[in-house]
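Predicted, not measured: the structure shown is a model, and the values here were computed from it.
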Amino acid sequence: MDYVHQIPDYLVLGLTRGSMYALIAIGYTLVYGVLQLINFAHSEVFMSGAFGSFLAVNALAPHAGSTAGATMVFLVGILAGALTGACIAFMLERVAYRPLRRRGAPKIAFLISAIGASFFLSQLAGKLFNRLTNNSFPEYFNINHVVFTVAGADVRVIQLIIVGSALTLMVGLDALVSRTKLGRSVRAVAEDAPMAALLGINIDRTISRTFIIGGALAGAAGFLFGTAFAFSNMMGFQPGIKAFAAAVLGGIGNIRGAMIGGITLGLVEALIPPLPGVGIQWTDVVAFGVLVAVLIFRPTGILGERLGRVA
């Protein structure tokens, strides 16, 4: 089958992959918006969500028994992943970032602290569970069942679940940031933290809640990734780097930009490497090549860079 006829399949694959990138990228962009730094331990928050949800799903899967039961297990899994990610992100903020922020530490100290926390969480997960690369969730439903076909492309259950869950979470976050008191606090701190403090906004509480929100989304993405693929204590590195690239591509600090950047990166990875003369082995090169090309002509990314102005 030639490339043109496979384009619908590549689009479905790219949208699925890009949705997961977008969920992780939002965490990077939220933290950057309020602290002006990159949380390089965020990829391990994503990894922690996979392991946390695995414990819940592994306990409940034998009792699924029906479509309703499988649905309940799935909902518990995604909530467990989100809760685990939120808790890990909260502890990261309290232990690795807040003490440095209160002491006025230089930005390089935050970076070193994030890298140290990343290694610690990765190795801790390897010690507590195992260091295998092929851990998998129990099969409590047929993830490869074809639900429907679009333009000749089969859309499977797991792809529909990933895209639907990711879009629901992203739309919910966008509404939270745009329409709620917490969202206004986040945007105010991102725009001008000292002025926000003068207006009575608790900066520490807002930053902590921002970490929790980003961590919850990354943890949910960890569950979705673990359901679709194998997972391990080292799973966070490559998706984390891709999600960071997606956040920069969309405009670091811009929530909607992170969504667009993630989906764009997923589509690019799916569509360009299969071209004749390119090859799947060039996937990462193509993805980052597109990122560099966009930043050359638009250094702030697709939608700009500041959470306070554009969210």
Side-chain angles (χ1 to χ4, degrees), residues 19-28 30-31 39-64 69-97 114 116-141 143 158 161-162 164-166 168-170 172-173 208-240 243:
S19 296
M20 285 192 287
Y21 290 160
L23 277 180
I24 309 170
I26 287 172
Y28 283 114
L30 280 172
V31 172
N39 177 20
F40 280 112
H42 190 64
S43 56
E44 272 53 58
V45 176
F46 162 74
M47 175 273 298
S48 300
F51 280 100
S53 58
F54 171 76
L55 294 177
V57 170
N58 194 51
L60 295 177
H63 309 291
T71 302
M72 184 59 66
V73 173
F74 171 81
L75 293 176
V76 169
I78 199 167
L79 288 174
L83 181 61
T84 303
C87 290
I88 295 296
F90 174 76
M91 289 190 290
L92 274 174
E93 194 276 329
R94 284 299 183 93
V95 175
Y97 295 115
S118 175
F119 277 109
F120 172 78
L121 289 172
S122 176
Q123 296 307 311
L124 178 63
K127 178 68 174 178
L128 293 178
F129 298 95
N130 61 64
R131 300 180 187 276
L132 298 177
T133 59
N134 60 346
N135 298 291
S136 59
F137 280 73
E139 293 188 11
Y140 55 97
F141 69 97
I143 64 174
I158 189 60
I161 286 175
I162 289 174
S165 300
T168 300
L169 290 170
M170 288 187 288
L173 174 67
S208 181
R209 289 176 177 176
T210 301
F211 269 82
I212 289 172
I213 294 169
L217 294 176
F223 166 69
L224 296 174
F225 186 95
T227 301
F229 310 105
F231 65 97
S232 72
N233 66 306
M234 302 300 292
M235 65 179 277
F237 178 74
Q238 189 171 25

List the atom of [X], the atom of [Y], and the distance in Å for their closest heavy-atom pair.
X: Ala89; Y: Gly215; answer: CB-CA, 3.7 Å
X: Ala228; Y: Ile162; answer: CB-CD1, 3.8 Å
X: Phe137; Y: Ala50; answer: CZ-O, 3.5 Å
X: Ala125; Y: Met47; answer: CB-SD, 3.6 Å
X: Ser43; Y: Gly240; answer: CB-CA, 3.9 Å
X: Asn39; Y: Ala114; answer: OD1-CB, 4.5 Å

- Item | Leu92 vs Leu121, side-chain contact (heavy atoms from CB on, under 4.5 Å): CA-CA, chis, key distance, verdict | CA-CA 10 Å; Leu92 274 174; Leu121 289 172; 4.2 Å; yes

Rounded to the nearest 0.5 Å, what separates atom [atom1] in [X] from atom [atom2] in [Y]?
X: Ile213; Y: Ile26; atom1: CD1; atom2: CD1; value: 11.0 Å
X: Met20; Y: Leu217; atom1: CE; atom2: CG; value: 14.5 Å
X: Phe90; Y: Ile212; atom1: CZ; atom2: CD1; value: 5.5 Å

- Query: Between Ser122 and Ser118, is there a donor-acceptor pair closer than 3.5 Å when you use the side chain of the first and the backbone of the second?
  - Reply: no

Quick one: side chain to side chain contact (heavy atoms under 4.5 Å, CB included) partners of [X], sequence neighbours excluded?
X: Ser136; value: none
X: Leu83; value: Cys87
X: Leu79; value: none
X: Phe74; value: Ile78, Tyr140, Ile161, Ser165, Phe223, Leu224

- Results of side-chain hydrogen bond (donor to acceptor under 3.5 Å, both in side chains) for Gln123 - residues two or more places apart only: Arg131

- Message: Strictly by salt bridge (charged side-chain N to carboxylate O under 4.0 Å, His left out), give each pair with a member in residues 42-59 just once, sequence neighbours left out.
- Response: none

- Query: What pairs of residues pass the salt bridge (charged side-chain N to carboxylate O under 4.0 Å, His left out) test when at least one of them lies in residues 211-225, not counting sequence neighbours?
  - Reply: none

- Note on the structure: Residue pairs meeting side chain to side chain donor-acceptor pair (under 3.5 Å), one or both in residues 45-55, sequence neighbours left out, come to none

- Task: Sorted by first residue and then second, give each side chain to side chain donor-acceptor pair (under 3.5 Å) pair with at least one member in residues 213-222; sequence neighbours left out.
- Result: none

With [X], which residues qualify under ring pair (Phe, Tyr, Trp, His ring centres under 6.0 Å), at least two apart?
X: Phe211; value: Tyr97
X: Phe237; value: none
X: Phe225; value: Phe46, Phe229

- Task: Mind running side-chain contact (heavy atoms from CB on, under 4.5 Å) on Phe54 and Thr84 for me, showing each step along the way?
- Result: CA-CA 11 Å; Phe54 171 76; Thr84 303; over 6 Å; no

